[in-house]
There are 2 protein chains.
Amino acid sequence: MSIKALAQQLNISIGTVSRALNGRADVNPETRKRVLAAAEAMGYVANQSGRSLRQGTTNVIGFTIETNVETKTQGDTFFMSVFDGVQTVFARHKLDLVVLPCASEDDPFDHVRRVVSRQFADGLILSATQRTDPRIDFLIERGIPFVTLGRSLSGGEHSWIDMDFEGIAARSVARLVAGGHRRIALANTERGINLSYIFEESYRAALASHGIAYDPDIVIRGEITELGGYRVCDRLLALPEPPTAVVLVNENLAIGFYRRLLDAGLTPGRDMAIIGLRQSPQARFLSPALTCYRLSLHDVGVELAQSLLATMPAYKDQYPLGVVQKIWPMELVPGESDPPLGAG
Amino acid sequence: MSIKALAQQLNISIGTVSRALNGRADVNPETRKRVLAAAEAMGYVANQSGRSLRQGTTNVIGFTIETNVETKTQGDTFFMSVFDGVQTVFARHKLDLVVLPCASEDDPFDHVRRVVSRQFADGLILSATQRTDPRIDFLIERGIPFVTLGRSLSGGEHSWIDMDFEGIAARSVARLVAGGHRRIALANTERGINLSYIFEESYRAALASHGIAYDPDIVIRGEITELGGYRVCDRLLALPEPPTAVVLVNENLAIGFYRRLLDAGLTPGRDMAIIGLRQSPQARFLSPALTCYRLSLHDVGVELAQSLLATMPAYKDQYPLGVVQKIWPMELVPGESDPPLGAG
DNA sequence: GATGTCATCGTAAACGTTTACGGCCTTGTT
DNA sequence: AACAAGGCCGTAAACGTTTACGATGACATC
């Protein structure tokens with residue numbers, strides 16, 4: 001079903017058919033109606049390769065994720081919510097979102113380089129942002145429009161959206177200190193991912209602001225999975241002087257963490273105060289209820305999409321946002337997992 | 001960086017350059033080496049649009065998912081694991097996997113139709129298969145190679161891979177009956193998705209084979225989320241004669257189900273025997289340990305990819321599998337959530 | 001030396017679009 | 001009546017590939 005067949009059917013030149021379909025001004029309204037009707041009837045849709053080749057544009061936005069389940073930064077439900085928000089924006093512009101999973105055996109940098117050189121997409125959304133991320137420098141050098149989900153030291157002035165990790169660290173520590181806790185552990189993610197540094201620095205700053213000394217023994221980095229949470233708790237309990245409270249960089253950790261406490265005959269909250277990160281379906285039914293923070297991932301997706309469009313020449317007049325660097329605010333959801341020391 | 005620029009650089013015709021890059025036989029080994037070196041040096045990669053236009057092939061495989069987090073979630077790492085398996089196969093053939101999320105506002109059929117008409121991919125993997133699924137008929141009619149994750153009544157002879165839901169239903173019921181249970185509930189997913197029918201029919205057949213009457217009051221369909229599990233338990237407990245055991249169509253249900261029991265002062269396992277579906281990281285730390293079934297999602301992904309290649313003309317000689325219709329075997333992982341009636 | 005074979009390479013068409021350009025016809029203006 | 005303006009449309013080039021076809025030259029065979 002090429003445009004040629006459609007044109008022959010209508011006895012019109014393919015040039016006119018193309019103009020009619022693309023809403024150009026110099027075509028008789030009558031003719032346009034005929035063309036649109038015939039296209040609809042014959043189920044004609046412009047071939048994307050032909051169009052891309054001619055205009056150098058694909059009408060596709062790529063969203064990279066990493067599928068390494070062991071070291072994953074976020075899971076299916078996190079990203080699906082974000083995708084959903086992203087699509088509500090792109091749908092209005094006839095842009096298609098495609099997710100580009102980077103396999104666990106694959107290198108994220110090579111992955112992006114392949115995506116770019118094959119000219120898959122007009123713009124890119126990057127996740128799992130590293131502290132120094134060669135993908136960012138590469139995209140800037142190539143002039144590819146992009147936004148990252150998560151900050152980075154690389155690249156200087158590019159758009160990103162991130163969660164308010166420093167706010168969370170500060171508020172969590174303050175809340176625990178207010179509850180009488182002085183020995184507050186940190187369950188962090190592995191180095192590499194930038195949030196690991198941000199979260200830990202904010203935690204240290206918060207401790208310092210309350211006059212509490214930093215103790216590296218109770219800062220533990222590992223996989224942010226349920227099993228990872230179990231292991232973190234394991235290590236903390238094995239210390240000569242275990243902490244009385246812990247701040248988690250990810251709520252999935254809480255699931256294993258709770259279990260490890262219970263296995264030791266301890267009660268989450270009473271015997272160890274816990275503050276998680278994001279309110280999520282998985283952590284929702286923990287008991288005692290996990291104190292954590294809420295945000296709308298759908299809205300994050302919307303903002304990601306808009307920020308990306310703001311960097312694309314064809315859309316920046318519709319989205320005059322400039323460079324967006326936004327720390328997403330998160331709302332405290334108090335639970336019963338972090339009572340004052342000695343309570344209960 | 002077009003092939004023309006590369007050819008000029010080398011003082012060779014673009015035809016020869018193309019043949020050299022594509023490993024054709026009729027090119028001097030010496031020349032080929034020069035071309036490959038120059039391509040590497042200049043960072044040349046063939047433009048995908050040009051190539052697709054010429055050969056009518058995209059070297060892309062699409063994997064459709066639905067992003068409605070409210071009504072259905074597989075485990076939090078379900079799709080990531082599958083993607084990872086799929087990629088290990090496609091990487092060997094220089095095929096790129098792209099995930100095509102269908103937004104919650106969008107219709108899955110329209111979504112597939114758009115994907116096809118824009119000629120995004122050479123082949124498709126479908127998930128969330130409906131009992132009668134118009135997408136399947138459409139793809140067959142258009143002659144697009146595809147595989148589905150999940151069976152369907154539509155389409156007749158196409159390739160699919162599915163989990164062994166009838167085996168699980170049968171074994172779960174048998175196991176519970178052996179434990180003395182006679183009033184066994186079913187927590188099922190909503191109608192539409194084919195597995196809802198398969199699981200329920202198998203459950204009914206299993207009951208019948210043990211001489212147990214079917215009671216529609218204890219078959220509950222709803223969202224397969226943590227919250228959905230809570231609600232299912234809520235309804236079961238409100239019955240005049242609650243069941244003594246329940247079989248879950250999805251392990252996420254178990255998380256809310258446990259919580260509802262505990263909120264009622266009941267003990268999962270002792271007061272209500274529970275058998276979940278798949279062993280997953282989220283359900284791993286439930287206590288008592290959830291009896292469930294294990295499979296390798298990575299391997300499912302591998303098989304999906306191979307089955308798809310087997311239907312694609314360009315690869316079917318390398319994967320002479322014919323039409324694959326495979327019910328994936330799952331291994332019982334006994335827990336403590338389904339003790340014999342009256343035990344404990 | 002004529003002929004055939006083979007390796008290697010260049011030429012040009014084709015894929016399906018979009019769009020700059022020019023041409024025709026109608027309409028309006030003087 | 002002559003001319004200008006503008007609406008509408010056809011023509012053809014261009015995007016970056018791949019590939020069928022033919023050309024060239026080297027070499028061997030008789």
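Convention: sequence-line order gives letters A, B, ...; per-chain numbering from 1. The figures that follow rest on heavy atoms only: side chains count, while hydrogens, waters and symmetry mates do not.
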Trainee: Given the structure, check if the side chain of B/Arg54 and the base of D/dT18 hold any donor-acceptor pair shorter than 3.5 Å.
Mentor: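 Such a pair exists between side chain and base.
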Trainee: Rounded to whole angstrom units, what separation is found between the CG atom of A/Leu53 and the C1' atom of C/dT17?
Mentor: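 Answer to the nearest Å: 8 Å.
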Trainee: Between A/Asp26 and A/Arg24, does any NZ, NE, NH1 or NH2 come within less than 4.0 Å of an OD or OE carboxylate oxygen?
Mentor: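 Salt bridge between A/Arg24 and A/Asp26, a charged N being under 4.0 Å from a carboxylate O: no.
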Trainee: Check the distance between D/dG10's C1' and A/Ile14's CD1 and give it to me in whole angstrom.
Mentor: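 Checked: the CD1 to C1' distance equals 10 Å.
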Trainee: Nearest whole angstrom, please: distance from the P of D/dT19 to the CG of B/Asn22.
Mentor: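 Taking atom P of D/dT19 as the reference, CG of B/Asn22 is at 7 Å.
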Trainee: Which is more 5' along DNA chain C, the nucleotide nearest B/Arg19 or the one nearest B/Gln119? Just name the residue.
Mentor: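 The residue mapped nearer the 5' terminus is B/Arg19.
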Trainee: When you match B/Gly50 and A/Arg24 each to their closest nucleotide on DNA chain C, which lands nearer the 5' end?
Mentor: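 Closest to the 5' end, via its nearest nucleotide, is B/Gly50.
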Trainee: Look at the side chain of B/Asp122 and the backbone N and O of B/Asn59, then say whether any donor-acceptor pair between them is shorter than 3.5 Å.
Mentor: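 Yes, B/Asp122 side chain to B/Asn59 backbone: donor-acceptor pair under 3.5 Å.
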Trainee: For D/dT18, take OP1 and OP2 only and decide whether either is under 4.0 Å from a side-chain N or O of B/Arg51.
Mentor: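 For D/dT18, OP1 or OP2 has a side-chain N or O of B/Arg51 closer than 4.0 Å.
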Trainee: Taking only the side-chain heavy atoms of A/Ala46 (C-beta and beyond), determine which of D/dC15, C/dT17, D/dT17 contains the nearest atom.
Mentor: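 Among the listed nucleotides, the one closest to the side chain of A/Ala46 is C/dT17.
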Trainee: Keeping A/Asn47 on the side-chain end and B/Leu53 on the backbone end, is there a donor-acceptor pair under 3.5 Å?
Mentor: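 No, because the side chain of A/Asn47 does not come within donor-acceptor range (under 3.5 Å) of the backbone of B/Leu53.
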Trainee: Could you go step by step and tell me if A/Thr129 and A/Asn194 meet the side-chain hydrogen bond (donor to acceptor under 3.5 Å, both in side chains) rule?
Mentor: CA-CA 6 Å; A/Thr129 316; A/Asn194 196 20; over 6 Å; no
Trainee: Provide, to the nearest angstrom, the distance between the NZ atom belonging to A/Lys33 and the P atom belonging to D/dC8.
Mentor: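 Rounding to the nearest Å, NZ of A/Lys33 and P of D/dC8 are 13 Å apart.
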Trainee: Using a cut-off of less than 4.0 Å, is there contact between a side-chain N or O of A/Thr16 and OP1 or OP2 of D/dG10?
Mentor: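 Checking D/dG10 against A/Thr16, a side-chain N or O does come within under 4.0 Å of OP1 or OP2.
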Trainee: With sugar-phosphate meaning primed atoms plus P, OP1 and OP2, does A/Asn47 contact a base, only sugar-phosphate, or nothing at under 4.0 Å between heavy atoms?
Mentor: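 Result for A/Asn47 = sugar-phosphate.
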Trainee: Whole Å only: how far is the CG atom of A/Leu6 from the P atom of D/dG10?
Mentor: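 Going from A/Leu6 (CG) to D/dG10 (P), I get 13 Å.
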Trainee: Could you check how far CD1 of A/Ile12 sits from C1' of D/dT11, rounded to whole Å?
Mentor: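 From A/Ile12 CD1 to D/dT11 C1': 16 Å.
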Trainee: Against A/Thr148, only a single residue in A/Ile136, A/Leu304, A/Ile125 fulfils side-chain contact (heavy atoms from CB on, under 4.5 Å); can you say which?
Mentor: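 Running side-chain contact (heavy atoms from CB on, under 4.5 Å) over A/Ile136, A/Leu304, A/Ile125 with A/Thr148 returns exactly one hit, A/Ile136.
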Trainee: B/Thr31 near the nucleic acid: base, sugar-phosphate alone, or nothing, with a heavy-atom cut-off under 4.0 Å?
Mentor: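 Here B/Thr31 touches the backbone only, sparing every base.
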Trainee: At under 4.0 Å between heavy atoms, what does B/Ser18 touch on the DNA or RNA strands: base, sugar-phosphate, or nothing?
Mentor: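 Counting heavy atoms under 4.0 Å across all strands, the contact made by B/Ser18 includes a base.
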Trainee: Identify whether any heavy atom of B/Asp26 sits under 4.0 Å from a base atom; if not, whether one sits that close to sugar-phosphate; answer base, sugar-phosphate or nothing.
Mentor: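 Base contact.
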Trainee: Measure from CD on B/Gln48 to C1' on C/dG16 and round the result to the nearest Å.
Mentor: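 Those two atoms, CD and C1', are 15 Å apart.
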Trainee: May I ask you to evaluate whether B/Gln55 reaches the phosphate of D/dT19, defined as a side-chain N or O under 4.0 Å from OP1 or OP2?
Mentor: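 True: B/Gln55 side-chain N/O within range (under 4.0 Å) of D/dT19 OP1/OP2.
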Trainee: Taking atom P of C/dG16 as reference, at what distance in whole Å does atom CG of A/Leu21 sit?
Mentor: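 Rounding to the nearest Å, CG of A/Leu21 and P of C/dG16 are 16 Å apart.
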